[in-house]
Amino acid sequence: MNATQQKLKLKLQQALVARFGEEYIQVDPILVAASNPKFGDFQANVALSLSKKLGMQPRAIATAIVEELDVSDLCEVPEIAGPGFINLKLQTSYLESQLNAIKTDPRLGVPRADQPEKQIVDFSSPNIAKEMHVGHLRSTIIGDCIARILEFRGHQVLRLNHVGDWGTQFGMLIAYLREVYPQALTTANVLNIGDLVSFYRQAKQRFDADTTFQETARQEVVRLQTGAEDTTHAWNLLCAQSRKEFQTIYDLLNIKIIERGESFYNPFLSKIVEDLEKAGLVEENQGAKCVFLEGFTNREGEALPLIVQKSDGGYNYATTDLAALLYRIREDQAKRIIYVTDAGQANHFAQFFQVAQKAGWIPDDVELVHIPFGLVLGEDGKKFKTRSGDTVRLKDLLDEAVLRARADLEARLQQEGRQETPEFIQNVAQTVGISAVKYADLSQNRTSSYVFSYDKMLSLKGNTAPYMLYAYVRTQGISREGKIDFENLAPDAKIILQEETELNLAKHLLQLDEILYQVEQDLLPNRLCEYLYSLSEKFNKFYDRCPVLKTEDPIRTSRLMLCYVTARTLRLGLDLLGIKVVERI
Ligand code: ARG
């Protein structure tokens with residue numbers, strides 16, 4: 001609810017109290033955005049909900065409320081419609097004053113959170129010695145966007161990369177490399193990630209087929225866990241190699257994140273199991289230590305326990321997550337912990353959250369949220385693969401997007417007979433290509449799966465990054481064409497709203513705070529995309545209808561200011577999505 005809605009709500013409550021008495025102070029006036037502009041901007045539906053209690057006709061109640069309601073500083077005279085809705089229409093002068101107030105505000109009217117919190121966003125989190133896949137891409141893009149929005153709202157955000165850098169697979173890989181490629185365990189940079197992935201695959205095959213090798217691999221795990229020097233060194237080299245690969249992706253995507261992998265929590269794992277045992281939550285099941293919870297069953301209806309220690313003494317993904325959770329609560333003092341992974345892990349999160357809850361580890365003021373997302377599908381609607389059927393390498397996927405953006409751009413430059421420098425072309429292609437991938441992902445409701453289509457995401461039409469970037473560029477074009485320095489003009493400029501397209505644009509501009517507040521709550525970045533898309537459309541309509549540079553003052557300056565506030569809103573909104581703008585395209 002934004003500031004205007006809050007004011008209206010308060011005034012409605014005051015009217016209720018004035019008319020019906022103190023006990024109505026808690027009644028929700030049910031203020032909603034009007035479904036149709038002919039009903040104004042907001043509707044209060046409280047009269048209908050009180051009819052029974054008051055034993056009065058809703059219309060009579062609405063009339064009584066309106067008699068007491070003083071909104072003259074915000075709205076036109078309220079109207080009563082239908083069975084008893086109170087329609088409220090914001091006054092133009094109110095909208096003008098609100099816009100005039102934000103036109104020089106760097107935050108565009110978005111307040112900081114009343115109570116800033118320490119929040120953790122656990123995202124990206126690829127696995128060492130494995131390729132980063134499209135699921136990790138989604139996590140990276142969505143997690144970064146959420147972190148940006150929380151940061152902008154003034155929270156202290158810790159961006160954590162829970163890299164899969166620990167576990168029995170390392171015993172297997174190191175044991176295998178000892179046999180087939182020992183230099184890889186002592187010398188840096190002899191393996192690339194492709195090699196690493198294929199060695200990993202071979203090691204796994206060997207492990208599954210050969211019991212002696214299994215034993216060697218297990219010993220290697222023990223050596224790693226007890227800190228044997230050569231094994232630790234080898235492990236460090238493997239991690240460094242993967243890390244370098246991950247970093248190229250983060251650089252391309254402009255992602256900042258702190259690595260705190262699974263290995264970080266290794267020292268705490270045994271204590272976790274002990275504490276769960278002390279809490280009486282652990283049961284032995286075929287040698288493994290398990291926590292059974294109600295409601296977690298497999299397809300056959302059998303109880304599905306959370307295994308915290310395997311029969312060979314090793315710990316699991318979940319044990320590490322429990323340790324990480326405690327660390328984040330106790331050491332990091334986080335009040336909200338957000339995990340961004342595919343929906344396939346929903347069960348894992350629900351389960352270990354519940355175990356931690358049962359163990360009494362979650363203080364009342366700490367909120368744990370798993371935000372799941374759907375799959376990325378190929379254009380055939382099946383799992384996203386290359387033509388040859390391999391999984392797609394992220395680096396290739398991003399490079400391809402940039403390449404296609406460049407081809408589009410070059411074709412357009414030729415058509416328009418424009419000459420641009422190689423730097424310009426590189427910068428625009430890079431920005432458009434990467435933004436297109438990010439925007440295509442963020443503009444979907446994250447819980448649904450979506451089809452990855454270069455053609456669609458790079459299209460100039462529709463809800464795409466290029467469409468949005470064009471709208472921004474248009475605003476900058478106006479300042480160039482008229483030789484206007486928006487920033488200089490802003491402090492003394494006055495916004496005056498006359499045309500309908502101006503009013504629509506103005507109202508939309510004033511809703512940014514509401515949208516960001518919503519995304520902060522429900523963690524759905526597609527809401528922000530929809531907002532920006534609709535802003536671009538409203539701006540385009542305004543720009544079609546209302547001449548800017550060719551108009552006389554004071555309207556000219558006012559319209560220039562509408563362009564300026566729109567430009568900044570687009571730039572800020574896109575920045576929160578992790579998307580950079582370009583000044584020309
Ligand atoms: N490494 C995991 C994977 O690739 C994701 C980790 C997510 N974070 C967590 N705390 N479990 O699936």
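We count ligands from 1, going down the list as the structure has it; atoms in each ligand are counted the same way. These figures come from a predicted structure and were not determined experimentally.
- Atom 4 (O) of ligand 1 has its closest protein heavy atom at H136 NE2, 2.8 Å.
- With sequence neighbours excluded, the residues forming a side-chain contact (heavy atoms from CB on, under 4.5 Å) with S449 are L375, L377, listed by chain and number.
- In terms of polar-atom proximity, defined here as any N/O pair under 3.5 Å, Y317 does make such a contact with ligand 1.
- When heavy-atom distances to ligand 1 are checked against a 4.0 Å cut-off, F349 comes that close only through its side chain, counted from C-beta outward.
- The aromatic rings of Y533 and Y467 sit perpendicular, their planes meeting at an angle over 60°, well past the 30° parallel limit.
- Residue D321 touches ligand 1 through its side chain alone, judged by heavy-atom distances below 4.0 Å.
- Classification of R393 and E245 as a salt-bridged pair holds, one side-chain N sitting under 4.0 Å from a carboxylate O.
- At a threshold of 4.0 Å, the pair R404-D408 does not count as salt-bridged, since none of the basic side-chain nitrogens sits closer than that to a carboxylate oxygen.
- For the pair R206 and F213, the distance from NZ or CZ to the six-membered ring centre is under 6.0 Å and the angle to the ring normal is within 45 degrees.
- Those atoms of ligand 1 that come under 4.0 Å of a heavy atom in T341, given as number and element, are 7 (C).
- The atoms of ligand 1 that sit less than 4.0 Å from any heavy atom of Y339 are 10 (N).
- For the residues H162, R260, H370, the heavy atom positioned nearest atom 9 (C) of ligand 1 is part of H162.
- One finds a salt bridge joining R328 and D122 here, because a Lys/Arg side-chain nitrogen approaches an Asp/Glu carboxylate oxygen to under 4.0 Å.
- Of the protein's heavy atoms, D122 OD1, 3.1 Å lies nearest to atom 8 (N) of ligand 1.
- Summary of contacts: the protein heavy atom closest to atom 12 (O) of ligand 1 is Q345 NE2, 2.8 Å.
- Using a 4.0 Å cut-off between a side-chain N of Lys or Arg and a carboxylate O of Asp or Glu, R159 and E151 qualify as a salt bridge.
- Neither the backbone nor the side chain of D342 has a heavy atom within less than 4.0 Å of ligand 1.
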